[in-house]
Each structure stands twice: as structure tokens, then as C-alpha cells.
Amino acid sequence: MQVLRLEKKRLNHFLNVVKKGFELIAPVKSDLVRFSKIHHAEEIQLTKNSYFPVKEYFFRKEETLFQFEGTRITVPAYEAKKRVFFGIRRCDLNAIKNQDIVFIRDMGDPYYKAARENSYLLGYHCNTAPSPYCFCGSLDLVDFFDLMFFDKEDHFLVEVGSEKGKSLTEKYQEFFTDSQRLITRNEKTIPGVHRLENKDISRFYDHQDWKKGADICLSCGACTTLCPTCYCFEIHDEVKTADPVKGERKREWSSCQLQEFTRVAGDHIFRKEREDRFKHRIYHQLQYFKEKYGVQMCVGCGRCIEGCPTRIDFVRILNEMKNGKTENNG
Amino acid sequence: MAKQKTTVENPYVPKPYKILEFHRETSDSFTVKADMKINHDPGQFVQVGLPGVGECPISICSDSREFIQLNIREVGNVTTALSKLEQGDTILIRGPYGKGYPMRYLKGNSLLIIGGGCGVAPLKGIIDYAENHRGDYKKLSLLLGYRSPDDILFQRELVEWKNKYHLQVTVDKNTHGKFCYGAREGFVTDALKSMDISNNNQAAFVCGPPIMMKFVIKSLKDKGFNDDQIFLSTERLMYCALGVCCHCMIKGKFTCVDGPVFRYDEIKDLEDG
């Protein structure tokens, strides 16, 4: 793929110009680092990965599926804001790729599709692991971006990954020069992110060490909320209190870590125990998704570990299973 | 009718249908006949709902291109709201969804249908289908278990079924000695055990509470049935019915798209509570 060069001192100028044609979303440090709408490119910070994943811009926390008045249904127009996202890491780009499989290729979700089609994904390559919990190197991540920015001291090498990306570089061609080179495999490798040794967990389902995580799990659902790939949701109706005939059917993020997630009529709960729910999350990430779609869902960002109030490090638990260490120090 | 501002097909949007008939089956269950004209297999389900209340998955218990019948038990918000409806009212439905019973591949077989409680509902779809394709199947045997005579479903159909097929109704306890279609006291597994039946050219269909299904499968295995001769219909919580929301996962399988009907050998290793 074509590789262009952008001088570092011109990055903010470039982004400020982009901002005139698109809504620009990038990581900003407020209380935590999160993807936000950018008013001035100077607000962007690239030292840490965002605490919250960027998924909420495509698979929104809450989505109105339709409005109703009695049994008369009106479907709202799907939002189509043109957005440029800057500063998405390799893990999160792969997470978007995995959610594309579910919401676009498999199911054809019109809300997700509209948001994705109108977005440009500009990645930022990690020269070093932004968090001690990163393990993206253990997973089979691929190149997935419109443009990827490689940080090279005084300049960026910008790899073009798609026609969309190419169109952006053409639109803003005054900022780019041809780099006359390619990005090497070595430059795409992130050092120190190969923590997960145990990727095939199929024979560990009945292993006693799952308790190491399950016993200290609070079933709070922080892991699934912070996960860039987790996509489960529930659907409910909201009516206007003043006029209960009118209302909306909404889709909202849910979590397989909550007990009521598998509750059926008559109050039977299929995954009543924390251990079953903990295992279900890890197996969905590393095995079930792969069985269905041919690729592991987990992208190794480590947010579920960093954001866990009791710091359940499932990577360490899995490694210890593989290595036969069973002392209870979880 | 639905007014859409865009032309993109929206899989979440149901359509309104009229209730052609509302029939109370027992004190806590009823059967709704709706004017939904669709092609479907027995064992498939639809998402049924009311605006402002929500949706729930209900299996289709009829076999017709002109209407669908839904047997519904009042156990949650949506089903309780549905129980208050009458003939002529409108309900919202989308579907059909899921994989039903593979009836076309079972031609030439006898059908052994074993249901417990409201698990009889999806099985009635098979009975109706077999009746509409009578030449394709040999003998039909129905073993239907209920808690008490007051819980017996499809009493309108039972007399006909008794005349046409081998029918055995069981009740856990016949509290008031009421006539119930020759019902015997005991569990449906007892009736199965005492039945003279082999697995020869026979397919078994089981639906009911998890504990009942477990014991019925064991009895069928004792009778010589192979895993691939047994079909189960499973119940899980569903929101989307499109294979996405993840609530209905049984390990890696989605009940809403891979099921709700599974051949036993496909899911016997998947029990996760």
C-alpha cells in the first residue's frame, strides 16, 4: 500500500483543516482519556489509549429502533454524520472490523451500517504498549484502517489502507508527500504485547482455575462495557408518561456478566453462577466467535483487566492453566 | 402500516396483525390466532409484542399459510399484557425466525411426540403439519404430560387427536379425579417407559421443562434411540432473534438462529446450566 509522509509540525494544521469538512473524533484527556469531538486539534493526546473504546460511535449505548403511536410505527432516519476518527489503535481498529462482521456482514443493522459508512478510520500505531495489560501481539490482528499513522520522531509515515483513505489524502494533498518507501513488518510489530500464551482454551472448560477470576468477580459488567468488541444488548420500550400511547423501542448495551442476562419466563436463570458467566465471556471472546466467524473476537487491548474493580487478569489465569500452576493467588 | 422514512430494510421493525381468534386454554394460558400469512416450518418462532410493553419469542403452534396460532402462557410482562387482548385487537409481530423441525427429511418415519406443559405448543405445529402431509409419515404417537387436569392444553383438538393417533396424556396428580382424555397419573417418562416402541424408522420430538427433557432423553436412549433421532426445542431469553444480542447463546450456538430446534447430537455437549 502507498505510504505518504506528513511532517509532525503540520499534524494539527492538517486535523484542523479536516475538522472543517468533517466532525473530528479523537482521544482527549478529561477525567479519563476518551474519544470526543475535537474543537481544536491541540486537545488531542496520543500518549495513552482511550479508557473507553471507540465502539460507542457505531454501536451506540442506546439506539432508538423506532417510534410508535399505538401500533403505528415510524422509523427514524439513520444518522449519517460524516466523521473522521483519528488516533485509533491497532487493537481497536480490529475490534471495529470484528463488529463489522456481526452488524454489517451477518445481520445488516441499518444504524451501525449508516454510522460506519460515514466514518473514516485514521489509526495511530503504538510504538510501545500504551498499557501494561496489552496483549494484542498474542492475537491474529490484521491491517484494518483507512489511514495508519506511524510516529517517526519529526514526521509521520501514513499508510493508505483503503479507497476511502486514499480519497482523504487526495482531498488534503497539500499536507502529504510521497515517502518513497514501505512500512516494514518490523515497524508494524508492537514490542512487549505477547502476554497471552494460552489461546486455545477448548480443553480447559472444566479447569478449577476459573474460580480464581469468578470468586472475586463483582458481576458489575465493567469488562463488557469497556470491551471494544463486546456487542450484546437488550431491547425495551419507553413510553411518554404524559401520553403512554406514544413511545420508542430502544436498544441498549447489556452485559453477559449480569445474572438476569439469561433469565427466562418463570425465573429460570441459565447462567446463574458467576463462574459460568465469567467463562462464557472468555469463551465467546477466544473460541465461540472464532467457531462462527473464523477469527477471535478479542483484540488484546486489556481494558477488561485495567477497568476491572478487582483487576481480574484473565490472561494470567489462562497462562497459569496452561502452565499447570494452580496456586490460588488470583 | 409502518411508515418508513428510508428504504433500508430494518430487521427490528414488526408489523401489525389482527387477532382473528382469542381462545383461553387454561387459567394461565391462551391461544391467539393472528392473520399473519407466512411460509414457515413447524418449530419456528416469531417475536410477538405490544407497543409500550415489549416483545417476547413465541413458537408457532399451527401449520397454515393463512394464519398463525400462538399458544402463550402468562408468565411475564409481555405475555400478561397479551392475555388482556380480544378478537379484533392488533398485535405486533416479526418473524418467523430460527430453524424448525426438519420435517421434509423425516418423510417415511413414524413420529413420537413428547411434550411437557407449555412445551406441547411447538409440538402441536408438528401434529398439524403431519396432518396436512398425512401420506408422508407413518404412525403418530403423542405423549403429553401436564401438572394437573386443569393445565391440559389444546382440549379442542385432543378428542380428534385421540381418534386419529396414539395419544397418552399424563397428569402429575389428578387432584379432582376429573376426566381428562384417558389421562393416567404419573410422569410422561413413565408412560414412555411402558410404551412398546422401538427406534426403527422413528423420530422423537421432545419439548418441556429442562428436567423433563433430561429424563425423557434418558428413557429414549434406553429404548434404543440414537442421538440423531431425537429433536429438542430449547427455550432461552431472546431480544433480537437475529443472532446478535447474545442472550440466547448456549455456549457458541445461538438459539434464535441455530435453533430453537436442535438435533440432540448437535447440543448434547453444550449443557451449560
Side-chain angles (χ1 to χ4, degrees), chain A residues 63 65-78 102-103 106-111 113-114 205 230-240 244-247 249 251 254 256 260-273 276 279-280 283-284 287-292, chain B residues 1-17 47 49-57 72-79 89-92 117-118 209-210 234-254 257-258 269 271-273:
Chain A
E63 188 87 62
L65 301 175
F66 56 82
Q67 283 125 7
F68 55 80
E69 185 173 346
T71 50
R72 205 167 59 85
I73 292 170
T74 316
V75 182
Y78 312 118
V102 175
F103 286 109
D106 193 2
M107 175 224 185
D109 182 272
Y111 309 95
K113 202 160 166 255
Y205 196 81
C230 275
Y231 58 90
C232 67
F233 59 83
E234 50 108 22
I235 296 173
H236 66 267
D237 285 8
E238 278 178 25
V239 292
K240 298 195 184 341
V245 175
K246 290 182 188 167
R249 181 156 296 167
R251 173 177 83 189
S254 182
C256 62
E260 68 252 31
F261 191 77
T262 56
R263 188 198 300 272
V264 292
D267 259 354
H268 183 77
I269 297 170
F270 287 95
R271 283 190 290 277
K272 203 176 172 93
E273 302 303 324
D276 293 331
K279 277 197 310 203
H280 182 77
Y283 272 87
H284 196 191
Q287 185 176 315
Y288 303 154
F289 194 85
K290 188 167 184 169
E291 286 166 359
K292 187 165 179 174
Chain B
M1 266 304 292
K3 189 179 90 184
Q4 293 203 9
K5 283 183 189 162
T6 60
T7 52
V8 186
E9 197 190 336
N10 188 321
Y12 298 100
V13 177
K15 286 188 177 138
Y17 294 95
Q47 289 288 102
L50 286 170
V53 185
E55 287 185 311
C56 65
I72 301 168
R73 193 160 150 238
E74 293 156 51
V75 276
N77 293 339
V78 180
T79 49
D89 285 344
T90 302
I91 50 175
L92 300 176
C118 54
T234 50
E235 185 198 12
R236 286 291 186 282
L237 178 67
M238 295 168 195
Y239 283 102
C240 72
L242 306 164
V244 181
C245 79
C246 294
H247 287 263
C248 72
M249 285 180 81
I250 306 175
K251 291 202 173 165
K253 300 250 191 234
F254 283 76
V257 291
D258 301 318
D269 298 325
E271 288 161 39
D272 65 345

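Note on naming: letters A, B, ... go to the chains in the order of the sequence lines (proteins, then strands), and numbering restarts at 1 for each one.
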Item to complete: Please round to the nearest 0.5 Å and tell me the distance separating atom OG1 of B:T234 and atom CZ of A:F270.
Response: 8.0 Å
Discussion item. As an exercise, state the distance from NZ of B:K251 to CD of A:E291, rounded to the nearest 0.5 Å.
Written reply: 10.0 Å
Practice prompt. Over all heavy atoms of both residues, which pair between A:H284 and B:C246 is shortest? Give the atoms and the distance, please.
Written response: CE1-SG, 3.6 Å
Response to the item:
The interface call for A:F289 against chain B, heavy-atom contacts under 4.5 Å, is neither
Fill in: Distance (rounded to the nearest 0.5 Å) between A:T262 OG1 and B:M249 CE
12.0 Å
Practice prompt. Take A:I235 and B:Q47, measure what side-chain contact (heavy atoms from CB on, under 4.5 Å) needs, and give me the verdict at the end.
Written response: CA-CA 12 Å; A:I235 296 173; B:Q47 289 288 102; over 6 Å; no
Worksheet item: B:V53 versus chain A, heavy atoms under 4.5 Å apart: side chain, backbone, both or neither?
Response: backbone
Worksheet item: Under 3.5 Å, is there a donor-acceptor pair between the A:R251 and B:Y12 side chains?
Response: yes
Discussion item. To check you understand the geometry: which heavy-atom pair defines the closest contact between A:M107 and B:P11, and what is its length?
Written reply: CE-CG, 4.3 Å
Fill in: Sequence-distant partners of A:Y111, ring pair (Phe, Tyr, Trp, His ring centres under 6.0 Å), two or more places apart
A:Y78
Item to complete: Using non-hydrogen atoms and a 4.5 Å limit, figure out which bit of A:F68 sits close to chain B: side chain, backbone, both or neither.
Response: side chain
Fill in: Proximal component of A:R263, with respect to chain B [non-hydrogen, under 4.5 Å]
backbone
Discussion item. Does any part of the side chain of B:P14, heavy atoms only, come nearer than 4.5 Å to the side chain of A:I73, both counted from C-beta?
Written reply: yes
Worksheet item: Quick one: side-chain contact (heavy atoms from CB on, under 4.5 Å) partners of A:C256, sequence neighbours excluded?
Response: A:T224, A:F261, A:H280, A:R281
Practice prompt. Taking all heavy atoms of A:K292 and all of B:V257, pick out the closest pair and write down the distance.
Written response: NZ-CG2, 4.3 Å
Worksheet, complete the sentence: Whatever's closer than 4.5 Å to a heavy atom in chain A on B:C248 counts as neither
Item to complete: Among the options B:G252, B:C56, B:G76, pick out the one with the most heavy-atom pairs lying under 4.5 Å from chain A.
Response: B:G252
Worksheet, complete the sentence: Between A:V239 and B:G52, the two heavy atoms sitting closest are CG1-CA, 3.5 Å
Worksheet item: Tell me, side chain or backbone of A:E260 under 4.5 Å from chain B's heavy atoms, or both, or neither?
Response: backbone
Discussion item. If I measure from the heavy atoms of chain A, does B:L50 come under 4.5 Å with its side chain, its backbone, both, or neither?
Written reply: backbone
Worksheet item: Measuring from A:H268:NE2 to B:E235:CD, what's the distance to the nearest 0.5 Å?
Response: 8.5 Å
Discussion item. Counting heavy-atom pairs closer than 4.5 Å to chain A, which one of B:V75, B:T90, B:V244 comes out on top?
Written reply: B:V244
